[in-house]
S.K.: 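This is the structure I have questions about; it appears just below.
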There are 2 protein chains.
Amino acid sequence: MDKKEKILQAALKLFITVGFDGTSTSKIAAQADVSNGTLFHYFKTKEELINKLFLKAKNDYREYILNNMKSSKNTKGKIFEFWSACLEWIFNNPESIAFYDMFSSSPYIDKLTIEEASRGFDLVDQMIMEGIENESLTDAPVELISGYIYASINSFKYYKQNNPDQADEYKELAFKMLWRSIANF
Amino acid sequence: MDKKEKILQAALKLFITVGFDGTSTSKIAAQADVSNGTLFHYFKTKEELINKLFLKAKNDYREYILNNMKSSKNTKGKIFEFWSACLEWIFNNPESIAFYDMFSSSPYIDKLTIEEASRGFDLVDQMIMEGIENESLTDAPVELISGYIYASINSFKYYKQNNPDQADEYKELAFKMLWRSIANF
DNA sequence: GTCTATAAGCTGATAGAC
DNA sequence: GTCTATCAGCTTATAGAC
């Protein structure tokens, strides 16, 4: 693995355990088995490092989703695929998610990064608009529906974190609850 | 206002704008019009200060909720009251919420504080258990339902932040969507 | 690309006068 | 309770050799 990648990985681990403040660049460098100077060769500032890390997490996430939903044809199936893929990624990448939760509303992540990170998730909006048009989804603002989808994902994530053993048996129910709230009956 | 309160207010403002790291104790003291020594008289460490602030935010929130829901008798009404009260508080106290979002998953907030903060919100669990018993709520795990309620609140919060003008006209719909997902039909 | 050496500046926290 | 004065230690970042 090249040093740049090692630095990013070390930083991720440290940031989520001791925060941005608690993580000095020298600690990152030490953990990555790299000199302090090398760190500043790859990243002009500590802030640039954290912003790059943020974008990387978002892109990995997005890519996983895009690669894991292409079979379903109707709206309900598509949304279920999206919902499932998100949860799969979340549970296979707990560190990235912890990092994202911790820093998404942090002043260290600048506006440009957030904007760039949010781009590309518009496939959700597209699914929803399609669903409203073909009358399988309730006629509500797209953002309200997408918000509910994300909310359901988040809610199930917390549930599974607190009840790792029972969660899977309630997965279908959790999606059914989401679907009931956004479907057009 | 006494100096302790002034320190807490100054700290809140600084923390949400420039983060924990960016906010030095001397800046807090300066902003609060108080000497550095005085700050350390009231709070043994910087960490203690942020933990106290976190508890204060949570308690203010809880108190507002408790004082704003006592009239409804059936489950749907109670949950709507809770849902509304949460959103009201959120929009009247944006700084506290920003602070909470920023630090709820932060290593500066210790486990004891989080535990103490989460206590007292069990009125939600109570409402839900009541609702499941009298068959107005779907028979799902309490945590799954409560999670969905919190998620719905969060979702509408984001919607209103991005669409401040249209949000109010969709408030009823947003609650209806929540209710459809957790009600027993 | 990678390292070592280096430093100015700020940090949280203390001590002690009033 | 509140202040001033003070500090040891660590911080991010740079410069320059290899």
Side-chain angles (χ1 to χ4, degrees), chain A residues 1-57 99 102-103 105-114, chain B residues 1-57 99 102-103 105-114:
Chain A
M1 185 169 25
D2 68 349
K3 307 232 167 184
K4 190 178 178 183
E5 190 61 29
K6 272 175 105 174
I7 292 167
L8 285 168
Q9 277 194 18
L12 175 64
K13 203 159 283 183
L14 287 167
F15 283 149
I16 61 173
T17 46
V18 284
F20 187 72
D21 175 36
T23 304
S24 64
T25 52
S26 34
K27 273 183 200 151
I28 298 172
Q31 170 103 12
D33 223 10
V34 147
S35 82
N36 206 290
T38 301
L39 187 151
F40 281 97
H41 170 71
Y42 284 112
F43 307 95
K44 263 206 326 249
T45 64
K46 191 184 171 187
E47 288 221 346
E48 186 185 309
L49 168 56
I50 202 177
N51 277 275
K52 286 275 160 61
L53 205 49
F54 191 81
L55 277 180
K56 191 177 171 305
F99 175 76
M102 229 168 118
F103 289 102
S105 57
S106 139
Y108 311 123
I109 310 295
D110 53 52
K111 278 176 195 162
L112 235 138
T113 301
I114 289 185
Chain B
M1 187 168 26
D2 67 348
K3 307 231 166 184
K4 190 178 179 184
E5 190 60 28
K6 272 174 103 173
I7 291 168
L8 284 168
Q9 276 194 18
L12 175 65
K13 204 159 283 184
L14 286 167
F15 283 148
I16 60 173
T17 47
V18 284
F20 186 71
D21 176 34
T23 304
S24 64
T25 52
S26 34
K27 272 183 202 154
I28 298 172
Q31 170 104 14
D33 221 10
V34 147
S35 83
N36 205 290
T38 301
L39 187 152
F40 281 97
H41 170 71
Y42 285 111
F43 306 95
K44 263 205 326 247
T45 65
K46 192 183 172 187
E47 288 220 348
E48 187 185 309
L49 168 56
I50 203 177
N51 277 275
K52 285 276 160 59
L53 204 49
F54 191 81
L55 277 180
K56 191 178 169 308
F99 176 76
M102 229 168 118
F103 290 102
S105 57
S106 141
Y108 312 122
I109 309 296
D110 54 54
K111 278 176 195 162
L112 235 138
T113 302
I114 289 184

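Proteins get letters first, then strands, A, B, ... in listed order; numbering begins at 1 in each.
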S.K.: For the side chain of Thr45(A), counting heavy atoms from C-beta on, which of dG1(D), dA13(D), dA13(C) is nearest?
M.R.: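 Of all the options, the side chain of Thr45(A) is nearest to dA13(D).
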S.K.: Counting any heavy atom closer than 4.0 Å, what does Ser35(A) reach on the DNA or RNA strands: base, sugar-phosphate only, or nothing?
M.R.: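 It contacts base atoms.
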S.K.: Please round to the nearest 0.5 Å and tell me the distance separating atom CG of Leu49(B) and atom OG1 of Thr25(B).
M.R.: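 If I round to the nearest 0.5 Å, the distance is 9.0 Å.
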S.K.: Measure the distance from CZ on Phe43(A) to P on dT14(D) and round it to the nearest whole Å.
M.R.: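 Atom CZ in Phe43(A) sits about 15 Å away from atom P in dT14(D).
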S.K.: Between Ser26(A) and Gly37(A), which has a closest nucleotide on DNA chain D that is more 5'?
M.R.: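 Final value for this comparison: Ser26(A).
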S.K.: In whole angstroms, how far is the P atom of dA13(C) from the CG atom of Leu39(B)?
M.R.: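 So the CG-P distance, Leu39(B) to dA13(C), works out to 9 Å.
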S.K.: It should be established whether His41(B) places a side-chain nitrogen or oxygen under 4.0 Å from OP1 or OP2 of nucleotide dG1(D).
M.R.: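 His41(B) to dG1(D) OP1/OP2: side-chain N or O found under 4.0 Å.
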S.K.: Going through the distances and angles, do Thr45(A) and Glu48(A) end up as a side chain to side chain contact (heavy atoms under 4.5 Å, CB included)?
M.R.: CA-CA 5 Å; Thr45(A) 64; Glu48(A) 186 185 309; 3.6 Å; yes
S.K.: Side chain of Asn36(B), heavy atoms from C-beta onward: which of dA13(C), dA13(D), dT2(D) has the nearest atom to it?
M.R.: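 Nearest listed nucleotide: dA13(C).
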S.K.: Check the distance between dT11(C)'s P and Ile50(B)'s CD1 and give it to me in whole angstrom.
M.R.: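 It works out to 16 Å between those atoms.
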S.K.: Can you tell me how far C1' of dA13(D) sits from OH of Tyr42(A), to the nearest Å?
M.R.: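 The distance from OH of Tyr42(A) to C1' of dA13(D) comes to 18 Å, rounded to the nearest Å.
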S.K.: Nearest to the side chain of Lys3(A), heavy atoms from C-beta on, is which of dC3(D), dA13(C), dC3(C)?
M.R.: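 Closest of the options to the side chain of Lys3(A): dC3(C).
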S.K.: Nearest 0.5 Å, what's the CZ-CE distance between Phe15(A) and Met102(A)?
M.R.: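 Rounded to the nearest 0.5 Å, the CZ-CE separation comes out at 9.0 Å.
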S.K.: Any side-chain N or O of Ser24(B) below 4.0 angstrom from OP1/OP2 of dC10(C)?
M.R.: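 Ser24(B) to dC10(C) OP1/OP2: no side-chain N or O under 4.0 Å.
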S.K.: The side chain of Lys27(B) is closest to which nucleotide in this list: dC3(C), dC3(D), dT11(C)?
M.R.: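 Selected nucleotide (nearest to the side chain): dT11(C).
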S.K.: Roughly how many Å is it from CG in Asp21(B) to C1' in dT12(D), rounded to a whole number?
M.R.: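 Going from Asp21(B) (CG) to dT12(D) (C1'), I get 11 Å.
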S.K.: Assess Lys46(B) against Phe20(B): is NZ or CZ under 6.0 Å from the centre of the six-membered ring, and within 45 degrees of the ring's axis?
M.R.: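 Flagged: Lys46(B) positioned over aromatic ring of Phe20(B).
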S.K.: Figure out the CZ/P separation between Phe40(A) and dT11(D), and round it to whole Å.
M.R.: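 Taking CZ of Phe40(A) and P of dT11(D), I get 11 Å after rounding.
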S.K.: Just how far is it from atom OG1 of Thr23(A) to atom CD1 of Ile28(A), taken to the nearest 0.5 Å?
M.R.: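 If we round to the nearest 0.5 Å, Thr23(A):OG1 and Ile28(A):CD1 are 6.0 Å apart.
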S.K.: For the pair made of CD1 in Ile28(A) and C1' in dC10(D), what is the distance, rounded to whole Å?
M.R.: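 It is 15 Å, rounded to the nearest whole Å.
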S.K.: If I take atom CG in residue Asp33(B) and atom P in nucleotide dT4(D), what distance separates them, rounded to the nearest angstrom?
M.R.: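 Atom CG in Asp33(B) sits about 11 Å away from atom P in dT4(D).
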S.K.: Within the structure, does a side-chain N or O atom of Lys4(A) lie under 4.0 Å from either OP1 or OP2 of dG1(C)?
M.R.: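 Checking Lys4(A) against dG1(C): no side-chain N or O falls below 4.0 Å of OP1 or OP2.
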